[in-house]
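Just so we're on the same page: letters track the sequence lines, and every chain starts at 1.
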Amino acid sequence: MSEKSDVILCTCGKQLQLDYEILTDRIGKIELAKTVTILDTVCQDDDLEQIAKMIEKNEGRLVIAACTNQKIQPRIDQFLYSKGLDPTRIQYVNIREHSAWVHDDLTEASEKSVAMTRGALARSSTSNTIPTESKDVAGHVTVIGGGIAGIESAISLSGLGYNVTLIEIADELGGHLAKLPMVAPTGKSGTEVLAARLAALKSDSITILTRTKVKYVEGELGRFVVHLVTDAAEEDELHTSAVVLATGFKEFKPTMIDEYQYGKNPDVLTQLELSEMLTEDSLKRPSDGGEVKSVIMVQCVGSRSEDYKRDCSKLCCTFAIDNSLEILKRVPDAQIRIVYMDIRVPFENELIYAESREKGVDYIRGRISMVWSQGNETRVKLYDSLLDQYFELSSDLLVLSCAVLPPDGITELSETLGYAIEDDGHIKELYGKLRRNETRRRGVLAVGAVTRPQFAYEAVTDAQAAALVIHNELQGGRIEKIARGAVLVADDCVGCSLCAQQCPRGVPLMVEETDLENQDDEQKLVFKATIDTLNCHACGVCQSLCPSGATQLNFLTNEQLWAEIDAVLEGAGSDYPITLCFYCEECSVSTIDIVGTRKMKYPASTRLIPVPCSGRVSIVDILKAFESGASAVMLAACETDRCHIAGTGNEIAQVQVDVAQEILNAIGWRGERVGMYRMFSAEPERFTEAINEMVKRAKDFGPTPVHLGTAGKWMEVKE
Amino acid sequence: MSDAEEQTGPPITLVEPIDVSKLDSEFRKTIRSMPNGEELMACFACSTCTAACPIANQWDYKPHQLIRMILLGMRDDVLSSKEIWECLTCFQCQERCPQKVRVTDIFFDCKNLAAEEGMIPDNIIGLARELAEKGQLYVVTADWEREDLGLEPEVPGLSANGIREILKTTRTNKIVGGES
Amino acid sequence: MKDAVLVIGAGVAGMTAAIELADSNIETVLIDRLPTAGGNALDLYKAFPTDDCFYCFEGSRSRPGIRKCFYRSALIDQPNLHLRTDTEVAEISGSPGSFTVKLTVGPRYVDSRKCILCGLCLELSNAFEQISPQCQPQAVIYRPDLLDDGAKKAESDCPTKAINLNAEPTEETVNITDIVLATGYHEMQPINVDEYSYGKHPNIITQLELAKILDPNGESGGALLRPSDGAQVKNMMMIQCVGSRDENYYAYCSKICCVFALKHAKIVSSERNGIGITVVYMDMRTYDRHERYYRETRDSGVRFLRGRLHLIDPREDGTLDVTVYDSLLNKYLRHNIDLLVLSSALEPPESNDGIIQLLDVQMRSGFIGPSDPFSENEVVAGDHLYVCGSATGPTEVPESVTQARAVVSKILQGRRS
Amino acid sequence: MPAYNLYMGCSVPANYPNYEASMLKVALALGMELEYMENVACCGSPNLRAIDYLGWLTVNARTLAIAEENGHDIVTPCNGCFASLKDTLHHLKHDESDMKKVNSELKKLGLTFKGTIKVRHFIEALYTDIGVEEIRKKVTNPLDGIGISIHYGCHLMRPADVTGFRPEILDELVSLTGATVIEYPIWKQCCGATVLPVNEPLAIRLARDKIKSMKEAGAAFAAVVCPACGNQLDLQQLGLKDSYGEVYDLPVLLYPQILALAMGMDESEIGLEMNRVPADTILDHLTS
């Protein structure tokens, strides 16, 4: 049923160059408009009161045409909630940044404003109220991995009031850190750094399971089930609300690089093997137990190499310097030489580099030519690229600073935990700039070296930060929020699992249908999706992919969007070819806002419809636009790989656009009527260039042959 | 304050630098477009190639320096260098390069460029002449040795005509001064 | 305001900490010396490691969604969050857990809640300015030194009466339980490093200055033009470690300048066609996955030269002859370039000294160090004192954000125990 | 057993009939059908590659195209030929424009190169097609107690993405004769053959270093699988007394000679007397 809404038109302090007479007159005549009110500043207190009154009167159905909702909506929402009113049905139209500020022609800008208001009225007419809902979950978190990152995670989560189970595969906690004789930049040993934390773990809220491995995990944020197996092959399961992965790293073992003789000559070791030796205070030549008087260290073994690990391992330079200093503590006259390509010591680690040089450590910029054994000596030939000289010398130890690699087992776990893996094998962060510890899967966090090589202090910071992210999610066990997101009607689900496979955050789960309702035995193995709306990110990817319309965003149903498409395009035709632009409310909304703020001009024969993510737009939505008379359809999305929704929403959109183009081509129309463009708010001209191009196409091609009952004339005439 | 410090004008220096703008900035593009030059720019000057080379201590320009010189556009110095001809083509530099720069193959490219400009060591021209004329570098001279071992004195199937034909149309012909 | 937390510095770290705190129902006072939030990030255009906009940070619960531009952030309309720009700490008294902080608040010429950015005052007077489309608060600022008749008219005509030209500085005293130091970094102006002639020739600039030139929202619309005469730059050179790793200036490595420079080199080489770039370095420090920038820029044709500057010789046509010693070739190379960009050290802001004294926190090369370095707790600067972002030393955006969250995590833990 | 296109190149038949003879005899005993290719000669060696890349490609593409006509794999005893053919194959498969150029040249000779043929070194064919176990069965006269150092040869091993050769297979082939493989530090190093035309003293120095290194590691003799490497290590050894005042007396054998001895063949059948450094010590050992 279509309901009418009130309309508010804001004049921005009477500064907007729009013809408000046209606006009130034309909007007043729209069937879905109940009343039209002009206000001067909807963002100021007096007008906020007005809005509150109108919301009360009309059950919340209200269209506000003003500046960008990115600025006013938070204020209006907050004001209405403080009055106990529900703002969730309000629809916004941006007549400032999208019309008045970017089009020179007053009438055209006004016409466009009317059309877009008509669209918002259509959207409003079937809008739902979105209630605040709550659910209770267990205040329990599972931490996998008992190194410094896992230990700190357990302590932080316990400090925030959660019960924690800390799972470690080895006999003891502490990981690699326990084996470091010196931890940069503090200069203390790993065991010293760990001591206070191991004591803090002795808390009622923390359970430690050593010699235990995670086999697989089921469930979702708020109700995961972790299946465990001990080294005695006993199996167990653990109910938990979130999972922290802290399984650290693995040191590369360079047995296959034959120039270093690792694995063949016992006096050739890795840097961590040396650390262990130093921690145990057993510095001697492994071959014969002899004294260590000379050491050569080789940097970048396996790192910065197209063959093994492309990137830099970050830690190894500092590790090598730390170990050099430790050797010198034990053998003050030891001759230590470090062969390097670039010494990489961040910030104050530079000072340790300086200290080591002062204490006599030699740095040789160059590479090893070869290593061989001569009697009981390890002989090394190397090239010094600065002296342009080769040197040949004996060394008691040859220590290889080997690449830091992701730990074993994370690929297996990803199969049930659903997080993504980076090219280099580490766990992929949700978004490298701002969301390092989150993974693709909601409720699964990754901290410490499992995400990238990290110093101990960085792993600690990670763990503390991730604890906050979990706390934000679980809210102490009672999750309460506006249930804005996807809602699934199980009866309509055909069990195709597209939503579960493609949801950027892994929210829909496939469950046996028998879990939902009783069925005959024959149909027992049919799967259906379930979606917990409170876990949903509200992007709409599931909706655009769902073949049966079973899953829909409760604030932007198919019915709403299709009605809006039809309404904004009213009057489109051969006299006035229209470009319809769907834009995501992430990078695109900002880019278009900035275009407005900077008053960059583009043609008014454009209509804009916001979607939460470009991935919400389906092929059907695109085709609907043509059915309603659009001449061109543009999709404005975030930059490649920069989709705000876990990096994949816009890739789904790209597929939809590609297929829509193919469909148009297949039926004899021009595929170029549809275009997808990537927005970037720092480069607003990206939008103006894109929309100009699409407007040009709209003008060149005119409306599609099929609209307004012109059926029968199917093929486009091509020149 | 001393007199020297009071002086103005450009500082005095004995350094006579190479003027980079006079170098051939297209040279690296040329190399890059050649059969094995694509990875050229991946070089980060670690000098692993030089460390791996068994003879570079005999050279004025080390392998990593030659690659740098290519990147900088020191075309003439590279193409006229004796080093590219002394390259053993043992491929150890290439095998060990962490950035997969095809160092040995690039030296082959350089030799081809040098050859195009006629900068070839005499002995190599001699070999080219052998090939152009005889279609092979080695011919059987002691056929009795073959016969002693039960081999046919003439190598079965051997025919150098095809090779000679081909080399008449390619650069070798130019190198040995054959008719075009 | 009860049990409030004070966050000093509204850059990426400070804003993140403040929003996370406010979301956790903690009254938060966020202050900054400048008239708008955003810190250095506002001028930096593209951020590594993602190469997208610098002015983008995490959304909050009041702005559900994923991540937002600064201008869409919750700094204004989050009821627990009190942003004070143009504001500095004058005095701190009391004891940890119950500090009394006196703030000097600059004159409120424009009421940021009332300003609707309608543009009227900008039309009427040159004394008003919108610093950036991304500025937060979304309000114009007024420069009293540029007062003109238009400004007075703007005051009277402002549709929301947001302007008060006679505003005076005020003082505000707040009761604070915890203090978060997020005072950021400053790029060293290398005027004293003689060999680089910075400040003496207009075509010798720093990386931050280059970022502003490259910003499409800047004066040149992103075109790389010579500051001296606006001519197109054809060849440029960057020099790393200017003032860093140098006992005469800063002994530490500024950590992010290599990536910073290569980010710019990448923009120039891939988006501003045909400009030759040479990067002069001592050790290329592209830690971890930043190695990608090094790889990609080499591939796109950027020249890397291991060595140091020998001599700069300006020519009459505005170009510079720069001679550099190449330590791998053992040769001197002279380049003729249009623009010399110095990767200048990132230094602690001057204001740090005052705060460090006032709060008696640990100094770490001029930045703020952890109170107990052996704990590996980077963000804990003292009892009820926390530090995050580049206040701890040069820090990347993701590190700043993670540290800010760690701070909030620690404060929440502290409140529970 | 499949037949092979035997590509001899020019060096083996001209200078190393002992290599050729021992290879053919061993192959015959193991049932390998080696058929001399018709109308082929030199591969051009790295020297042609250095000065006339297109000519070199075309020469070798011609050889490959001839083999494609009967479809049998090419087998060659020479590392230089092996590298030339392998590299040509690899390059033309990855470079369409050179493929076109080469084929337009070949067209004049009535040939087309398609890239369907496989190229293998003789010892690879031995290893993969006959197999270690089969060969071992034929070993009647094991070389027990003899230490052999192997020089594999650069162009057989590198670049690995082109040659695809695994050095371990030669170790296995040597071991199955009963001999012990003696490792020595500079096993990867070049024999110096390529640099001979431009810097003879350097070439000799490289050969000398290898021989010295093998000898010091305790090798009784050296194994090679390439005429050029054989020339460097064997022939050049004779001159070391003059240039370095050093005498090593390290016999250098082609691998098929070693295998033939282990299979009980007579020294005269495999031309052992043509090896420059006398191999008497081995014969003494075998008869003792």
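There is no contact between D:Ile186 and chain B, counting heavy-atom distances below 4.5 Å. Of the atoms belonging to D:Glu269, it is backbone heavy atoms, and not side-chain ones, that fall under 4.5 Å from chain B. The part of B:Val155 that comes within reach of chain D is its side chain, from C-beta onward, which places non-hydrogen atoms under 4.5 angstrom from that chain. Only the side chain of B:Pro121 has a heavy atom closer than 4.5 Å to any heavy atom of chain D. Contacts between B:Gln58 and chain D at a heavy-atom distance below 4.5 Å involve the side chain alone, from C-beta outward. Looking at D:Val102, neither its backbone nor its side chain comes within 4.5 Å of chain B, counting heavy atoms on both sides. Using a 4.5 Å cut-off between heavy atoms, D:Ile66 does not touch chain B at all. For B:Asp105, the parts lying near chain D are the backbone and the side chain together; criterion is any non-hydrogen pair under 4.5 Å. With a 4.5 Å cut-off on non-hydrogen atoms, D:Ser22 does not touch chain B at all. Interface remark: D:Asn15 contributes side-chain atoms only to the contact with chain B (heavy atom separation under 4.5 Å). Looking at B:Leu158, both its backbone and its side chain come within 4.5 Å of chain D, counting heavy atoms on both sides. Heavy atoms closer than 4.5 Å to chain D are found in the side chain of B:Gln94, but not in its backbone. Using a 4.5 Å cut-off between heavy atoms, B:Thr169 touches chain D through its side chain atoms alone.
Residues B:Arg171 and D:Leu54 are not in side-chain contact: their nearest non-hydrogen atoms beyond the backbone lie 4.5 Å or more apart. Taking the side chain as every heavy atom from C-beta outward, B:Leu149 and D:Ile270 never approach each other to under 4.5 Å. The shortest side-chain heavy-atom distance between D:Asp52 and B:Leu167 falls under the 4.5 Å cut-off.
Summarising the local packing, CG of D:Asp266 is surrounded by more than 12 heavy atoms from other residues, nucleotides or ligands at distances under 6.0 Å. For NZ of B:Lys82, the number of neighbouring non-hydrogen atoms (other residues, nucleotides, ligands) closer than 6.0 Å is greater than 12. Atom CD of D:Glu96 is surrounded by 12 or fewer heavy atoms from other residues, nucleotides or ligands within 6.0 Å. Counting non-hydrogen atoms of other residues, nucleotides and ligands closer than 6.0 Å to CZ of B:Phe27 gives a total above 12. Within a 6.0 Å radius of CZ in B:Arg32, other residues, nucleotides and ligands contribute more than 12 heavy atoms. Atom CD of B:Glu117 is surrounded by more than 12 heavy atoms from other residues, nucleotides or ligands within 6.0 Å.
Counting heavy-atom pairs under 4.5 Å between each of D:Ala50, D:Cys43, D:Ala14 and chain B puts D:Ala50 at the top. If you tally non-hydrogen atom pairs under 4.5 Å between each of D:Asp95, D:Leu6, D:Leu206 and chain B, the highest count goes to D:Leu206. Counting heavy-atom pairs under 4.5 Å between each of B:Ile55, B:Ile120, B:Asn161, B:Ile125 and chain D puts B:Ile55 at the top. Top candidate by heavy-atom pairs under 4.5 Å with chain B, chosen from D:Cys154, D:Pro13, D:Ala193, is D:Pro13. Interface check for chain D: of the options B:Ile84, B:Leu131, B:Thr89, B:Thr104, the most heavy-atom pairs under 4.5 Å are formed by B:Thr89. Of the listed residues B:Glu165, B:Lys174, B:Arg102, B:Glu130, the one with more heavy-atom pairs under 4.5 angstrom with chain D than any other is B:Arg102.
Annotation: the span from B:Asp148 atom CG to D:Met274 atom CE amounts to 8.0 Å, rounded to 0.5 Å. Expressed to the nearest 0.5 Å, how far CZ of D:Arg49 lies from CG of B:Asp109 amounts to 7.5 Å. Between atom CG of residue B:Leu137 and atom OG of residue D:Ser11 there is a gap of 8.5 Å, rounded to the nearest 0.5 Å. Rounding to the nearest 0.5 Å gives a distance of 7.5 Å between OH of D:Tyr36 and CD of B:Glu152. One distance of note links NZ of B:Lys111 with CD1 of D:Ile51; it measures 10.5 Å at 0.5 Å rounding. Rounded to the nearest 0.5 angstrom, B:Leu151 CG and D:Met8 CE are separated by 8.0 Å.
Remark: side-chain polar atoms of D:Asn39 are not paired, donor with acceptor, to backbone N or O of B:Ser159 under 3.5 angstrom. A donor-acceptor contact shorter than 3.5 Å links the side chain of D:Thr194 to the backbone of B:Leu88. At distances below 3.5 Å, not a single donor-acceptor pair connects side-chain atoms of D:His155 with backbone N or O atoms of B:Phe91. Of the possible polar contacts, one joining the D:Arg158 side chain to the B:Cys90 backbone as a donor-acceptor pair under 3.5 Å is found. Between the B:Asn123 side chain and the D:Val198 main chain, no donor and acceptor come within less than 3.5 Å of each other.
When every heavy atom of B:Gln136 is checked against every heavy atom of D:Cys42, the shortest pair comes out as CA-CB, 3.5 Å. Nearest heavy atom pair, residue B:Glu86 against residue D:Leu202, reads OE1-CD2, 3.9 Å. Considering every non-hydrogen atom in both D:Tyr53 and B:Asn112, the closest pair reads N-OD1, 2.8 Å.
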Hey, mind stepping through B:Ile166 and D:Glu105 against side-chain contact (heavy atoms from CB on, under 4.5 Å) and telling me if it holds? CA-CA 7 Å; B:Ile166 290 168; D:Glu105 289 297 317; 5.5 Å; no

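Using a 4.0 Å cut-off between charged nitrogen and carboxylate oxygen, D:Glu20 and B:Arg146 count as a salt-bridge pair. Ionic pairing of B:Lys100 and D:Asp161 is not present here: no N-O contact between side-chain nitrogen and carboxylate oxygen is shorter than 4.0 angstrom.
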